[in-house]
Amino acid sequence: MTLSKLGNILEKFLTVEQAKQIHCQIVVNDLHNLEALLIRQILKCAAHYSARTSHYVRSILGHTRKRDAFSASCTIRYLSQNGQFEEALALYSESHASGIYPNSFAISSALKSCARILCKMGGLMIHGQLQKLALCEVVFVQTSLLDFYSKLGDMVVARKVFDEIREKNVVSWNSLLGGYVKHGDLAMAQGVFEEMPVRDVVSWNSMVSGYTRGKDMEQAYDLFCRMPERSFASWNAMVCGYIECGKIEVARRFFDAMPEKNIVSYITMISAYSKLGNVESAKELYDEQRENDLLLYNAMIACYAQNNRAKEALQLFDEMVKPNARFQPDKRALSSAISACSQLGDSEYGSRIESYMKELGIRMDDHLATSFIDLYAKCGNMDKAQELFNALQRRDLVAYTAMIIGCGINGKAREAIKLFDEMIDSGIVPNMVTFTGILSAYCHVGLVEEGYDCFALMQRHGFVPTQDHYSIMVDLLGKAGRVDEAYGLIKSMPSEPHAGVWGALLLGCRLNNNVQVAEIAARNCLELDPDSSGYHSLLANIYAAAGRWEDANRLRGAIHLKIPGSSWV
DNA sequence: GTAGGGTTAG
């Protein structure tokens with residue numbers, strides 16, 4: 001078989017299994033000159049199969065005995081194009097360490113990876129290496145470098161790199177323009193836009209998104225109308241802009257008006273609906289495009305997971321794990337799935353995900369570890385959660401919050417408080433979720449004064465306590481026997497309390513046999529949440545405890561009348 | 001075959 005024939009077969013018909021067989025043949029017959037060709041063809045196919053082949057590509061590379069600059073650069077490029085930036089960088093530095101000199105393809109892919117994961121050190125190191133490699137004059141490399149600095153927000157250096165490019169092309173200009181836009185420097189961006197010798201559709205798109213970032217939709221629309229040609233990205237930028245301004249209906253009108261939509265348009269709309277809790281609209285859009293893109297899956301799974309519809313999230317995730325699925329889950333899909341497990345308290349499913357990750361060689365990063373911390377903590381396995389927490393590269397707000405909540409629900413209030421203090425000391429500013437966690441930890445051990453301090457601290461940080469925070473505080477006061485104070489706190493609330501807050505008060509009354517306040521609490525509960533029968537029996541118990549049997553029996557009778565059968569449950 | 005828009009965790 002000739003090389004070109006083999007190439008054609010691979011390119012057109014390659015499946016993972018077939019490629020594996022061919023690769024075995026090559027290894028067995030010691031045909032190493034074929035390896036580079038094989039890898040190139042696999043990478044071509046990989047573009048169609050995305051995550052499905054990534055594991056396989058890596059395994060091929062593991063088998064490859066002669067690692068030349070060509071196969072390394074192909075793989076680095078492949079990884080960076082498929083969003084596997086850490087892996088791309090790992091391979092880059094590995095190749096570099098084993099004496100393979102990177103070519104311009106490897107360099108630009110590595111720089112792109114650094115930019116995307118905001119790895120400043122990595123980019124700086126590559127910049128340093130460039131001097132020795134005599135690649136400083138290659139416009140691709142220079143533009144990648146420029147893009148790296150502008151994505152990291154260092155526009156001074158970016159500008160310097162740009163000035164040194166001898167033959168600037170439109171992409172170089174666009175990267176500089178995009179940098180100013182991302183940096184929020186609209187004046188400079190406009191200057192560059194005026195100065196550019198040639199503008200293409202990307203330049204116009206950048207300017208449009210410059211205005212949408214500044215929430216100046218009028219200017220954005222004006223520019224949008226004046227564009228000589230429009231791409232998907234032009235429309236998507238407008239859709240995105242209206243979403244950020246909270247005008248979802250206008251965004252939808254633009255979305256519907258698009259002459260042709262691409263997958264990005266769908267993902268943008270789906271995640272907007274997701275954040276607004278409109279799962280049905282998201283699902284409708286998803287159904288129009290299902291199984292079309294890995295990121296589409298991710299967006300829909302995240303949508304379910306973010307809106308307390310964990311079962312549906314996992315159903316969709318299951319589709320991806322099937323042997324013949326078109327897309328295999330990546331880290332983001334995994335994060336959402338783990339979060340769904342956590343909501344269901346299903347640690348068994350979580351363990352399956354963990355072994356699935358091992359099987360595919362997906363490394364645990366901080367993001368994933370944080371999802372697992374939450375899962376294990378909610379399932380009561382604090383040892384495992386602590387272990388993961390200790391192994392984190394960096395402890396950020398979300399990780400601390402997950403641990404604090406975990407300690408809180410597992411009765412380790414002291415640890416929660418310690419973590420909270422540690423977090424504050426390291427300069428991390430807590431948010432609403434953190435306060436919920438720490439407040440419930442105080443509640444768990446009955447630290448009333450600390451609870452009040454926490455309320456004050458929240459307000460000092462500019463947060464208005466939510467209904468949840470008030471519920472926990474009322475709960476805390478009730479447990480401490482301070483029912484009247486709890487009632488006073490409710491009366492001081494700036495907004496109308498929900499049933500949950502009154503419910504917490506009612507529970508407090510039960511603990512303290514406070515009939516007077518209980519009647520008020522129960523009345524409010526029933527008004528706000530008339531379908532629930534729990535309040536009746538709670539109040540009945542309070543009457544009974546106070547010796548008011550008549551009232552208790554009257555209420556119990558009412559339960560029978562109202563919802564027949566419910567008392568049997 | 002190289003660079004420029006989209007999605008994760010509490």
Side-chain angles (χ1 to χ4, degrees), chain A residues 40 43-44 47 70 73-74 76-78 80-81 83 103-112 115 135 138-148 150-151 165 169-179 181-182 200-203 205-206 208-209 231-237 239-240 262-272 274-275 293-303 305-306 329-340 342-343 365-375 377-378 396-406 430-434 436-437:
Chain A
R40 181 164 61 192
L43 292 168
K44 267 192 185 171
F70 176 82
S73 73
C74 273
I76 292 167
R77 192 181 132 248
Y78 162 78
S80 86
Q81 277 178 351
N103 58 20
S104 65
F105 298 91
I107 300 261
S108 51
S109 303
L111 280 169
K112 178 183 169 178
L135 287 168
V138 181
V139 65
F140 289 114
V141 172
Q142 287 174 302
T143 305
S144 305
L145 197 59
L146 156 60
D147 193 55
F148 164 76
S150 69
K151 280 220 173 78
I165 302 177
N169 60 25
V170 65
V171 183
S172 324
W173 281 94
N174 282 342
S175 292
L176 185 70
L177 175 63
V181 165
K182 282 204 180 66
D200 67 0
V201 64
V202 179
S203 334
N205 290 348
S206 278
V208 169
S209 54
S231 66
F232 289 123
S234 331
W235 287 90
N236 291 341
V239 171
C240 223
N262 70 355
I263 209 75
V264 178
S265 336
Y266 278 93
I267 291 166
T268 308
M269 281 307 294
I270 287 174
S271 47
S274 170
K275 289 200 180 90
D293 189 283
L294 171 68
L295 272 62
L296 194 69
Y297 264 108
N298 289 359
M300 198 59 219
I301 294 175
C303 175
Q306 286 163 356
D330 66 352
K331 285 181 177 168
R332 289 168 198 252
L334 289 163
S335 294
S336 301
I338 300 160
S339 158
S342 167
Q343 287 168 32
D365 63 2
D366 280 5
H367 233 88
L368 278 166
T370 305
S371 311
F372 275 117
I373 289 173
D374 173 61
L375 170 68
K378 290 231 170 91
D396 68 356
L397 172 66
V398 186
Y400 268 113
T401 304
M403 272 306 275
I404 289 169
I405 292 174
N431 69 7
M432 301 292 264
V433 191
T434 327
T436 307

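In the text below, chain A, chain B and the rest are named by the order of the sequence lines, each starting its count at 1.
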Query - Side-chain heavy-atom pair A:Ile338, A:Asp374 within 4.5 angstrom cut-off - result: no

Counting the atoms with a prime plus P, OP1 and OP2 as sugar-phosphate, which does [X] contact under 4.0 Å by heavy atoms, base, sugar-phosphate, or nothing?
X	result
A:Thr434	base
A:Leu368	nothing
A:Thr370	base
A:Ser336	sugar-phosphate
A:Ser104	base
A:Phe148	nothing
A:Gln343	nothing
A:Asp365	nothing
A:Asn236	base

Report task. Report yes or no: is the ring centroid of A:Phe105 under 5.5 Å from the six-membered base ring centroid of B:dG1, with the two planes under 30 degrees? Result -> yes

As a test of reading the structure: which of [options] is closest to the side chain of [X], going by heavy atoms?
X	options	value
A:Ala233	B:dG6, B:dG5, B:dT8	B:dG5
A:Phe232	B:dG6, B:dG10, B:dG5	B:dG5
A:Ser73	B:dG1, B:dG6, B:dG10	B:dG1
A:Val171	B:dA3, B:dT8, B:dG5	B:dA3
A:Leu295	B:dA9, B:dG6, B:dA3	B:dG6
A:Gln306	B:dA3, B:dG10, B:dA9	B:dA9
A:Asn431	B:dG6, B:dG1, B:dG10	B:dG10
A:Lys112	B:dG10, B:dA3, B:dG5	B:dA3
A:Ile405	B:dG10, B:dA3, B:dT8	B:dG10
A:Ser371	B:dA9, B:dG6, B:dT8	B:dA9

Query raised in the report: For A:Lys182, which residues count as a salt bridge (Lys or Arg N to Asp or Glu O under 4.0 Å) partner, sequence neighbours excluded?
Result: none

Report task. Name all residues meeting the side chain to side chain donor-acceptor pair (under 3.5 Å) criterion together with A:Lys331; count only those two or more places apart in sequence or in a different chain, and write none if there are none. Result -> none

Report task. State, without any angle test, whether A:Asn205 and A:Ser231 hold a side-chain donor-acceptor pair at a distance under 3.5 Å. Result -> yes

**Report entry** Point-to-point distance, once rounded to the nearest 0.5 Å, from CD1 of A:Ile76 to CD1 of A:Ile107
**Finding:**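 These two atoms lie 9.0 Å from each other.
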
Report summary line: One should read off an interatomic distance between A:Leu294 CG and A:Arg332 CZ, to the nearest 0.5 angstrom, of 10.0 Å

In whole Å, what is the span from the [atom1] atom of [X] to the [atom2] atom of [N]?
X	N	atom1	atom2	answer
A:Met300	B:dT7	CE	P	16 Å
A:Lys275	B:dG10	NZ	P	13 Å
A:Asp330	B:dA9	CG	P	12 Å
A:Phe372	B:dA9	CZ	P	14 Å

Query raised in the report: Ignoring hydrogens and angles, are the base of B:dA9 and the side chain of A:Asp366 linked by a donor-acceptor pair under 3.5 Å?
Result: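 Not at all, since no donor on one side and acceptor on the other fall under 3.5 Å apart.
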
Query raised in the report: Between A:Ser339 and B:dG10, is there a side-chain N or O to OP1/OP2 distance below 4.0 Å?
Result: yes

